[in-house]
There are 2 protein chains.
Amino acid sequence: MLHAAGLFRKKGYAATTMRDIAREVGVEAASLYNHISSKQLILKELLLEIAQLFTEGMEAIKAEEMPSLKRMEALISLHVDITVSHTDAISLLPNEWVHLEEPALKAYLKLRDAYEKEFRAVLDIAIKEGQLEKLDPDIAVFSILSTLRWLYSWYSKYKDKDVEVLKMELIQALLYGISR
Amino acid sequence: MLHAAGLFRKKGYAATTMRDIAREVGVEAASLYNHISSKQLILKELLLEIAQLFTEGMEAIKAEEMPSLKRMEALISLHVDITVSHTDAISLLPNEWVHLEEPALKAYLKLRDAYEKEFRAVLDIAIKEGQLEKLDPDIAVFSILSTLRWLYSWYSKYKDKDVEVLKMELIQALLYGISR
DNA sequence: TCTTTAAACTAACAATTGTTAGTTTTAAAC
DNA sequence: GTTTAAAACTAACAATTGTTAGTTTAAAGA
């Protein structure tokens with residue numbers, strides 16, 4: 001599973017063969033089927049696991065009582081935590097989900113869209129409360145999420161970076177950089 | 001070529017077959033070979049054309065005399081212009097370049113790395129001149145480029161948006177949002 | 001109208017794909 | 001030491017892949 005994630009990241013789902021994965025594991029391709037029932041299922045489990053982590057993280061943050069700006073900070077922390085702990089798998093979110101087949105595709109998109117909607121809701125409140133510069137919320141949410149989505153590739157080059165420092169710097173750049 | 005770009009974007013290079021492209025064009029797969037000599041060459045031409053556009057744009061901006069902050073603005077405009085005029089092809093830059101074979105791969109990476117280096121140099125000067133908040137330049141360049149890279153997917157949802165307005169908003173969010 | 005050239009077609013190829021069937025090995029439980 | 005179950009193996013399959021060869025059609029120039 002971890003081997004597959006690394007290969008999917010490096011070559012993409014479609015270009016990764018079961019024989020590639022098997023070679024990485026040190027086994028013949030057919031032997032993989034004693035452990036998983038299809039290539040497609042590997043992708044599904046990887047993507048839905050990450051999506052689940054985000055969904056649960058969002059639930060926890062919504063449940064806790066705090067100012068909306070602190071909520072934004074918590075969301076950024078959440079992205080950093082998942083990126084650090086699941087670097088390969090999270091790299092599949094931006095693009096490889098297109099290879100999901102139904103019904104997994106619908107399930108994944110449902111989680112993703114719900115997450116984005118809630119992310120945006122938190123940002124909207126922060127803007128409405130006047131805690132962030134008055135700028136197009138569309139642009140703001142897109143800009144912040146772009147950076148957080150791409151974080152995995154940046155993090156791979158700075159693996160020794162302290163995670164808490166990274167969180168602070170991102171919070172600074174993405175939130176307080178544009179706060180008044 | 002444009003058909004191929006659209007399919008590569010939607011399904012990825014590896015998962016797009018020559019028969020897919022042919023169907024889109026309204027022709028049999030073998031007929032494509034009267035016009036291009038291989039699938040790989042389509043990818044190479046698409047990616048290197050975009051890389052060339054960025055390289056030339058950077059050249060032009062470097063050649064002109066202006067304050068470093070205006071230079072950053074010009075770079076953002078460049079990204080927006082290329083994104084708007086080549087939305088499908090630019091979507092291949094973040095991931096699909098991994099399917100380039102040598103020697104095209106080296107050529108592409110050379111252009112990309114040179115561009116990023118020069119982008120970073122412009123930002124460094126702006127920071128050194130005290131025109132931008134004092135923050136980790138690594139994070140700043142990563143954050144700005146992430147947003148600009150993902151712009152194509154955002155733009156696809158807001159195709160009717162005025163391009164000049166979009167440029168201004170992005171400049172505001174990415175630069176003056178963090179200026180002092 | 002005839003010739004020529006570009007571009008379409010059909011048919012097929014060799015290689016690679018995900019996956020299955022059937023068999024042998026490994027290793028833990030008794 | 002035997003039994004049992006998990007997990008490896010070899011061999012093969014049907015489908016799909018990029019691409020080539022050879023042929024027919026379309027269209028433009030003479």
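Protein chains get the first letters and strands the later ones, always in sequence-line order, with residue 1 at the start of each. Predicted model, so just to flag it, every value in this text is computed and none were measured.
Spacing between atom CZ of B:Arg23 and atom C1' of D:dT16 amounts to 13 Å, rounded to whole angstrom units. In this structure, CG of B:Leu41 is placed 15 Å from P of D:dG18, rounded to the nearest angstrom. In this entry the distance linking CD1 of A:Ile36 with C1' of C:dT19 reads 10 Å, nearest Å. Straight-line distance from the OH atom of B:Tyr33 to the C1' atom of C:dA11: 15 Å, rounded to whole Å.
Across all non-hydrogen atoms, the minimal contact from A:Ile21 to A:Ala4 is CD1-CB, 4.1 Å.
With sequence neighbours excluded, no residue forms a salt bridge (Lys or Arg N to Asp or Glu O under 4.0 Å) with B:Arg19. Residues satisfying the salt bridge (Lys or Arg N to Asp or Glu O under 4.0 Å) criterion with A:Lys161, sequence neighbours excluded, are A:Glu169, B:Asp136. For B:His99, the side-chain hydrogen bond (donor to acceptor under 3.5 Å, both in side chains) test picks out B:Glu96, with sequence neighbours left out. Considering only residues two or more places apart in sequence or on other chains, B:Arg120 meets the salt bridge (Lys or Arg N to Asp or Glu O under 4.0 Å) condition with B:Asp124, B:Asp138.
At least one side-chain heavy atom of A:Leu166 sits less than 4.5 Å from a side-chain heavy atom of A:Tyr155.
Within the structure, the salt bridge (Lys or Arg N to Asp or Glu O under 4.0 Å) test picks out the following pairs touching residues 20-38 of chain B (sequence neighbours left out): B:Lys11-B:Asp20, B:Asp20-B:Arg23. Pairs engaging residues 139-151 of chain B under the salt bridge (Lys or Arg N to Asp or Glu O under 4.0 Å) rule: B:Glu116-B:Arg149 [sequence neighbours left out]. Among pairs with a residue in residues 79-94 of chain A, those fulfilling salt bridge (Lys or Arg N to Asp or Glu O under 4.0 Å) read A:Arg9-A:Asp88, A:Asp81-A:Lys167, at least two apart in sequence or across chains.
More than 12 heavy atoms of other residues, nucleotides or ligands sit less than 6.0 Å from atom NZ of B:Lys159. Remark: B:Glu65 CD is loosely packed, at most 12 non-hydrogen atoms of other residues, nucleotides or ligands lying under 6.0 Å away. More than 12 heavy-atom neighbours from other residues, nucleotides or ligands sit within 6.0 angstrom of CE on B:Met1.
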Using a cut-off of under 3.5 Å, enumerate the N/O to N/O pairs linking the protein to nucleotides 22-26 of chain D.
none

What are the atom names and distances for every N/O pair under 3.5 Å that joins the protein to nucleotides 24-28 of chain C?
none

Every protein N/O within reach of nucleotides 5-9 of chain D N/O, cut-off under 3.5 Å:
unit_1, atom_1, unit_2, atom_2, d
D:dA8, OP2, A:His35, NE2, 2.5
D:dA8, N7, A:Asn34, ND2, 2.6
D:dC9, OP2, A:Glu28, N, 2.5
D:dC9, OP2, A:Ser31, OG, 2.9

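Each of A:Trp150, A:Tyr152, A:Tyr115, A:Trp154 was checked for a ring-ring contact (aromatic ring centres under 6.0 Å, His included) with A:His79, and the lone residue meeting it is A:Tyr115.
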Per-residue pairing states of DNA chain D in dot-bracket (Watson-Crick or G-U under 3.5 Å; . unpaired, | other strand) read ||||||||||||||||||||||||||||||
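DNA chain C is contacted by B:Arg19 of residues 2-19 of chain B, taking any non-hydrogen atom closer than 4.0 Å.
Taking OG of B:Ser146 as the start and CG of A:Leu148 as the end, the distance is 9.0 Å to the nearest 0.5 Å. Rounded to the nearest 0.5 Å, atoms CZ (B:Arg112) and OG1 (B:Thr55) are 12.0 Å apart.
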